[in-house]
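Presented below is the structure to which this report refers.
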Amino acid sequence: MPKITNKKPSIRKKNLPNSYPFNKAQKKWSEYWIKNKIYHPNLVKAKEPFYNLMMFPYPSAEGLHVGNMYAFTGSDIYGRYQRMKGKDVFEPIGLDGFGIHSENYALKKGTHPAKQAKITEKNFYRQLQTIGNGFAWDNRLETYDPDYYKWTQWIFTQMFKNGLAYLKKAPVNWCPSCKTVLADEQVISGKCERCDSEVTKKELEQWFFKITKYAPRLLKNLDKIDWSEKVKIAQKNWIGKSVGYEIDFVIIGTGLSKPIKAIVFTTRLDTILGATFLVISPTSEFLKKIEAGITNQKELNEYIWSVRNKPEAEKISEKQAKTGLELKGVKAINPANGMEIPIWVSDYVLSGYGTGIIMAVPSYDERDLEFADRFNLPVLQTPLVAKEKIAKQVGGKLATQYRLRDWLISRQRYWGPPIPLIYCAKCMIKVKNAKGKERQKYNAGELLNPGWFAVQENKLPVLLPYVKEFRPTGTGESPLASIKSFRDTKCPKCGNVAIRETDVSDTFLDSAWYYLGYLILGNQKSKIKNQKFAFLENIIKKWLPVHMYIGGAEHSVLHLLYSRFITMALKDMGHINFEEPFTKFRAHGLIIRDGAKMSKSKGNVVNPDEYIKKFGADALRLHLMFLGPLEEGGDFRDAGMAGVIRFLGRIWSFGATFNAIKRDKELSRHMHKTIKEVTEDIELLKYNTAISELMIALNIFTENPEAVTKKDFETFLILLAPFAPFITEELWEAIGNKFSIHKAKWPEYDKKALKQDSFTLVIQINGKTRHTIKATKGLSEKDALGIVLSEDKIKNLIGDKIPKKVFFVPERLINIVY
Ligand SMILES: [Zn+2]
Ligand SMILES: [Zn+2]
């Protein structure tokens, strides 16, 4: 925090320095804002709550990136605007500092993550104070703070108790470099989201959250929320609903007395007559069921082994040749035509898709055709059949499949919240054997995971112990597993010796609920110790769901999806009264530099510190916002800074020489247009055009300073305040107004005044009327001449002769003499 002084800044109506003293103004006002808590709404009493949220940064680098600042400034402008519209705006900030990204950074630096967290925390908060945002500092949070992760763990126990967490041995995505498992969402084109290494597969026992249970609702609710369309589309595709049929194919040759059926899911039942072979995923459990009939088991095992580590992207890639093996000894019967067809195993069928078994129709499906061509399998040209009719004939059942998989939540890493679960071998047997009434003693999670119990609420948080050897082990066990004093504990159920889960939870669980965290932590920290969410029912009801959320689109199927899921689950458990966390979400665009992506290796990263030091926060804010509409991003060029610096300089000179005392209170007509345009642009996050409007307004001011009323200039400063909070506060005071401009009322425009905004300009050449045009009131002589000389009719009359004299009657007439 900056040092707080009690001294009220002096009011200087005149004798302002020649140029804008941005360093002084920034220091003075950021301290004064904090002292007066102007960005701290009363969370209990607020009448018009407006929760203005921005995605909190993960401090995995030296400091704040200009991309962060771009997003934060964009969000802050919206928040400041809402505050001036009379809303009680809550704009919190914190650090997402737990998890793999911060741990990897600590590893790179060779520092312990706990120590590194303190270093980065200091630097990030120092930087965040310089950018001019209206943060509610008292409510800041860090996800590695035990007061915070106590709740992350509490949510985990709630998920467990309600049967939404389960343990499963599964082939999982494994990053050999980060030495940990990854959720599907964290694998981007076969590579680790964090470090870009090729991801492989590994069989491990892992905790999962049942996000698939919520797939239909996560999809359906997309229609109800006002989010950037591209994010909704990404979520829709990720959830991947497909409606089709499930059909049984009888397997022959298994040697078993009972016939075995393979359940095939298809969205193209109408092509079934052309199905000439079945393909099973190498990881499908179904292979075990028909094991007895397979005569080339050895080759099958070899095949499965050979493809076990292949990244998914490679398996389904069109460029890679498909691999496969025919299962000898078994065949399937196509129920539509009775044909005996071969069964193949190939990894181009993913175990996650449908049932993991497909009917291959090479005559209608390109991937199947490619496979058939490669292995000389028959291709049958057959007619399409109507789906309902054939479904009846083959006993097909309508079925819905989702692409979404359950959320792999455990991590074999150090820097995260320990998963708050305990395993008791003794109780495991009791739970397993429990029948009838006996089962009612256990909650859904205990029945689902025999032997496992949630840590009691009053024993949370389960503190992350300091472990010197925090490096990932690579054995599939977390570094916590080697800490005996941590691992050994007592069973919460029977009191006997038991062991703790030693994995930590995925960092995306930390961020899934942080919007709630800002409300329940912060300055009220001590009061709510050991209380449930319900204690804050009124605050939660008042402030949530979040009114406006701005962040990166890269989190579409990660944070933004997980957050919706956790919110829905908490609603179903009765802890909160809403199921969608963010009413409105807008994805900001990306900033590039001189046409190229910013990267450390290219040495073209913009460090906000340097620019703020050299030009001031207002200048950097304006420059960033002037690059393009917030949702589109833009190209950062140093040369562009000059324009906004000049703009600020001109505002300053105008304000310094402006005589505030004898001006009237009426608004000039052209200001109504400025108000209208700036207001509408801010609503649409088109900050670049809002700034243009303000530049035009300043031009009008400087062309005819005598015509500018006090009200005009005040209005101008108010409209500019969200973009340039320091210079506006300074000039607001200088012209004799009360602190703070950021609490001033947002102006309204007069529609009638806008209508009267245009007039007919009479154009005379040598005193003779030659032409008339429509023009905007307030048009200067210089601008009028420019417009007139570009009119074809006038050009034809004058040719290239140079006017000798110009007579101008504002808002009526122009006479050119030559
Ligand atoms: Zn990695
Ligand atoms: Zn026990």
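For ligands, and for the atoms within them, numbers begin at 1 and follow the listed sequence. Keep in mind it's a predicted model, so treat the numbers as computed, not measured.
- Remark: K322 qualifies as a cation-pi partner of Y348 under the 6.0 Å distance and 45° angle criteria applied to the six-membered ring.
- Cation-pi geometry between R586 and W227 is not met: the NZ or CZ atom fails to fall both under 6.0 Å from the ring centre and inside 45° of the normal.
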Residue pair Q206, S410: steps toward the side-chain hydrogen bond (donor to acceptor under 3.5 Å, both in side chains) verdict: CA-CA 6 Å; Q206 301 288 339; S410 44; 2.7 Å; yes

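- Judged by the 6.0 Å and 45° rule, R194 forms a cation-pi pair with Y58.
- The Zn ion (ligand 1) lies at the vertex of an angle of 110° between the SG atom of C178 and the SG atom of C175 (rounded to 10°).
- The angle subtended at the Zn ion (ligand 2) by SG of C427 and SG of C424 is 110°, given to the nearest 10°.
- Between C195 atom SG and C192 atom SG, the angle centred on the Zn ion (ligand 1) amounts to 110° (nearest 10°).
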